[in-house]
Amino acid sequence: EVASSEAASSPSSSSPPPTPNPKPPTLHRCVALLQTCPKTLAALKQIHAHAIRTRVPLAHPLLAKHLVFALAALSPSPLPYAHRVFSLVPNPTVFTFNTMIRAYAESPIPGPALLVHRRMRAAGAPPDSHTYPFLLKALAKLMALRDGEKIHAQSLKNGLETLVFVQNSLVHFYGACGLFESAYKVFERMPERNLVTWNSIINGFALNGRPNEVLTLFREMTAENGGGGGDVEPDGFTLVSLLCACAELGALALGRRVHLYLIKVGLYRNSHVGNALIDLYAKCGSVEDAHKVFDEMGVAKTVVSWTSLIVGLALNGLGEEALELFRVMERERLVPTEITLLGVLYACSHCGLVDDGFRYFDRMREEYGIVPKIEHYGCMVDLLGRAGRVEEAHDYIANMPSEPNAVVWRTLLGACAMHKKLDLGEAAWARLVELDPGHSGDYVLLSNLYAAVGRWADVHRLRRSMLKGGVRKTPGHSLVELGNYVYEFVMGDRSHPESEKIYEKLEEIAKRLRLEGYAPRTTNVLADIEEEEKETALNYHSERLAIAFALLKSAPGTPIRIVKNLRVCADCHLVTKLISKIYEREIVVRDRSRFHHFRGGACSCKDYW
DNA sequence: ATAGGGTTAG
């Protein structure tokens, strides 16, 4: 390139009057150019070439500083290029190290940020106030817990830990790694907290399935506002986390209040907020509201909004509507993501549309160039398995290009339990024992399978090995929102102050059920082991307590919404159908995996779940 | 030049 430098600089000389001797370009001229030029790759390359031609030393830290910074600021950033420029500098400044770490932290491949930091340490360049926030962002993305803990320790030694920015980053980091207790420990000790601090800790709990802590912290945050401490007003980030927590709890009334607040403060135009609202309403079983938010989003609608509604419709048993929405999306020439397609396959599998599922799977690759991931293959296994084509589902697993994981085998085991396929079920179990031993849900599925084919000895053998292995079944609980509160019921719960009345109501329900010709099944063992501890009668399954309580406490004719952490057992499903008819109530139960809209003695899942 | 947000198969 050097040889051609004369020629390269000559094109301007072809134009008449040739300037006799242009001002000799200098390092500073290049730097000035880098700061003022249009921020495009082409412009930066041109300046880089110019620097080479005019023999500016490429190893000069000042040039590297500006060139690396400008390259890192591009999106997408040409990281290999930026890194090559960076590598040429023997003594980069802390600023340049930070720039490089940030570039990786914000890229899809944050791993090399660690290497840059290692080089920084080796070069004896001490970190400054910016280094750890960038580095922790990369480590949070990588969920590199050990490395992050080391950085935490270093920051305590060199004093950087006292900075709010570093503390915020640590809170975020621990939350992203799933260690919300550690996040909270850092949070607790912070003498100074700002909006980002609160958002980070609230999101940390929201990400890790702790919705109640989210609500508590939100209250604390807004209470502190009036008092002495901070000057924090919730923003869009805070409210998205809050809406997430409401969605998880199924707290529709609280979610609606948040919605009203959003309108009041003008945050409803924020597309992330809109998406969170769609998700909230869909996860609370209120499809009309989800649709309304979607329609009102206007230009704020993104592919995520479409995806959220597609998944939401599928979740609520409206697979046909989900697929119709996808067709509209295609007509509008929007480009679906791999998650959109996952939603579409999910819709097919929840509605038994096997052929549609295969068609979409093929189109996903052919038309959209999306490489199917294990999640997509998992959907296909579910699609076949649910439809009773269990052998085909097994062949599908055997032939899929990615290594089947525990979830895939669990899907097959579930299908085997549903369709009484003992041999394949035991084969799936054998793989699960290797891949994810001690998973209580797998014991439940296999036990159901044994019970379904009448192998009671095996049921008891499995039960014993479960006890011996210390495998604890997830206790079932149900949530129901009334007024401003979310009430939680566990199996056989007597802790509620109105326990007495609830159990009286259950008696009354049982009486009316018998009049309708319902007889509790004697093969309860199946249902029993499936979902709740077996000591207590089916009557006291957590959702029955919640339904009885809601019947007592809410106005006649109003819908009852229950959120359950496990799957509804067959007996409760039947009973809830009958209650919806006898008491003329719409009852919406959100299962571990789907919705059941009970109305007039029937369920939206068409008894297929 | 500093930190944070939504959708995902059982």
Side-chain angles (χ1 to χ4, degrees), chain A residues 65 69 72-73 94-96 98-99 101-102 105 128-137 140 163-173 175-176 194-204 206-207 235-244 247 270-280 282-283 302-312 314-315 336-343 345-346 348-350 372-383 385-386 405-415 417-418 428 432 436 439 441-442 444-445 567 591-594 609:
Chain A
K65 172 181 163 177
F69 183 76
V94 180
F95 179 94
T96 308
N98 290 350
T99 305
I101 292 173
R102 183 180 65 159
D128 69 2
S129 57
H130 294 56
T131 310
Y132 291 156
F134 294 144
L135 190 57
L136 285 166
K137 184 176 183 171
L163 301 172
V164 183
F165 280 104
V166 174
Q167 292 167 345
N168 283 349
S169 299
L170 284 168
V171 171
H172 167 68
F173 166 78
N194 57 27
L195 177 59
V196 178
T197 317
W198 285 99
N199 287 349
S200 299
I201 190 69
I202 287 177
N203 191 241
L207 280 179
D235 69 351
F237 288 79
T238 329
L239 291 157
V240 167
S241 297
L242 193 59
L243 287 171
C244 270
N270 177 324
S271 71
H272 289 292
V273 167
N275 297 339
L277 281 170
I278 294 173
D279 186 51
L280 165 83
K283 291 220 172 104
T302 66
V303 66
V304 177
S305 322
W306 291 81
T307 303
S308 302
L309 190 55
I310 288 170
V311 173
L315 206 60
T337 66
E338 54 178 43
I339 300 172
T340 316
L341 265 302
L342 200 54
L345 297 178
Y346 184 61
C348 295
S349 111
H350 276 226
K373 297 208 304 191
I374 189 84
E375 288 87 348
H376 298 98
Y377 291 110
C379 265
M380 301 308 283
V381 172
D382 190 49
L383 185 65
R386 269 183 206 281
N405 61 12
V407 180
V408 169
W409 287 112
R410 192 165 297 137
T411 306
L412 185 71
L413 179 55
M418 191 189 297
L432 282 163
D436 190 8
H439 187 284
D442 295 339
V444 174
L445 287 175
R567 284 183 51 194
D591 211 51
R592 187 183 172 77
S593 71
R594 62 160 59 236
W609 82 97

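Both backbone and side-chain heavy atoms feed into the values below; hydrogens, waters and symmetry mates do not.
Taking atom CG of residue A:Leu413 and atom P of nucleotide B:dA9, one finds them 18 Å apart after rounding to whole Å. Straight-line distance from the CG atom of A:Leu342 to the C1' atom of B:dT7: 10 Å, rounded to whole Å. We find that CD of A:Gln167 is positioned 16 Å from P of B:dA3, with the value rounded to whole Å. Residue A:Met380 contributes atom CE, which lies 15 Å from atom P of B:dA9 at whole-angstrom precision. With rounding to whole Å, A:Asp128 atom CG is found 13 Å from B:dA3 atom P. Between A:Leu383 atom CG and B:dA9 atom P there is a gap of 15 Å when expressed in whole angstrom units. Rounded to an integer number of Å, the gap from CG of A:Leu309 to P of B:dT7 is 14 Å. Whole-Å rounding puts the A:Lys137 NZ to B:dA3 P distance at 6 Å.
Defined by atom type and a distance below 3.5 Å, a donor-acceptor pair is present between the side-chain atoms of A:Thr337 and A:Thr340.
Aromatic stacking of A:Phe237 on B:dG5: satisfied, with centres closer than 5.5 Å and planes within an angle under 30 degrees. With its ring centre under 5.5 Å from that of the base six-membered ring and a plane angle below 30°, A:His130 counts as stacked on B:dA1.
Across B:dA1, B:dG5, B:dG10, the shortest atom-to-atom separation from the side chain of A:Arg410 is found for B:dG10. When each of B:dG10, B:dA1, B:dG5 is scored by its nearest atom to the side-chain atoms of A:Phe69, the top-ranked nucleotide is B:dA1. Distance from the side chain of A:Pro133 is smallest for B:dA3 among the nucleotides B:dT8, B:dA3, B:dG5. Taking every side-chain heavy atom of A:Ile374 into account, B:dA9 is the closest of B:dA1, B:dA9, B:dT8. Closest approach to the A:Val273 side chain among B:dT7, B:dG5, B:dG10 is made by B:dG5 (side chain taken as heavy atoms from C-beta onward). For A:Asn194, whose side chain is taken as the heavy atoms from C-beta onward, the closest listed nucleotide among B:dA3, B:dG10, B:dG5 is B:dA3. Comparing B:dT7, B:dA3, B:dG10 by their closest approach to the side chain of A:Ser308 singles out B:dT7.
The residue A:Lys65 sits apart from the nucleic acid: no heavy atom pair falls under 4.0 Å. Contact annotation for A:His172: backbone-only contact, meaning every heavy-atom pair under 4.0 Å involves sugar-phosphate atoms and none involves a base. Within the 4.0 angstrom heavy-atom criterion, base atoms lie near A:Phe165. Using a 4.0 Å heavy-atom cutoff across all strands shown, A:Tyr132 reaches no nucleic acid atom at all. Counting non-hydrogen atoms under 4.0 angstrom, A:Gly414 reaches nothing in the nucleic acid. Nucleic acid contact for A:Thr302: base, since at least one base atom lies under 4.0 Å from a heavy atom of the residue. Within the 4.0 angstrom heavy-atom criterion, no nucleotide atom of any strand lies near A:Leu432. If you check every strand for non-hydrogen atoms under 4.0 Å, A:Asn405 touches a base.
A distance of 5.0 Å separates CG in A:Leu243 from CG in A:Leu277, rounded to the nearest 0.5 Å. A:Leu315 contributes atom CG, which lies 4.5 Å from atom OH of A:Tyr346 (distance to the nearest 0.5 angstrom).
Evaluation of the side chain to side chain contact (heavy atoms under 4.5 Å, CB included) rule for A:Leu163 yields A:Ser129, A:Leu160, A:Val166 as partners, not counting sequence neighbours. Annotation: side-chain hydrogen bond (donor to acceptor under 3.5 Å, both in side chains) contacts of A:Thr411 (sequence neighbours excluded): none.
For the OP1/OP2 pair of B:dG10 and a distance below 4.0 Å, the side-chain nitrogens and oxygens of A:His350 include at least one atom meeting the criterion. Taking 4.0 angstrom as the limit, A:Arg386 places none of its side-chain polar atoms (N or O) nearer than this to OP1 or OP2 of B:dA9.
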Start with the C-alpha distance between A:Leu242 and A:Ile202, add both sets of side-chain angles, then the distance that settles side chain to side chain contact (heavy atoms under 4.5 Å, CB included), and finish with yes or no. CA-CA 8 Å; A:Leu242 193 59; A:Ile202 287 177; 5.9 Å; no

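For the side chain to side chain contact (heavy atoms under 4.5 Å, CB included) criterion with A:Thr307, the lone passing option out of A:Ile339, A:Leu342, A:Ile278 is A:Ile339.
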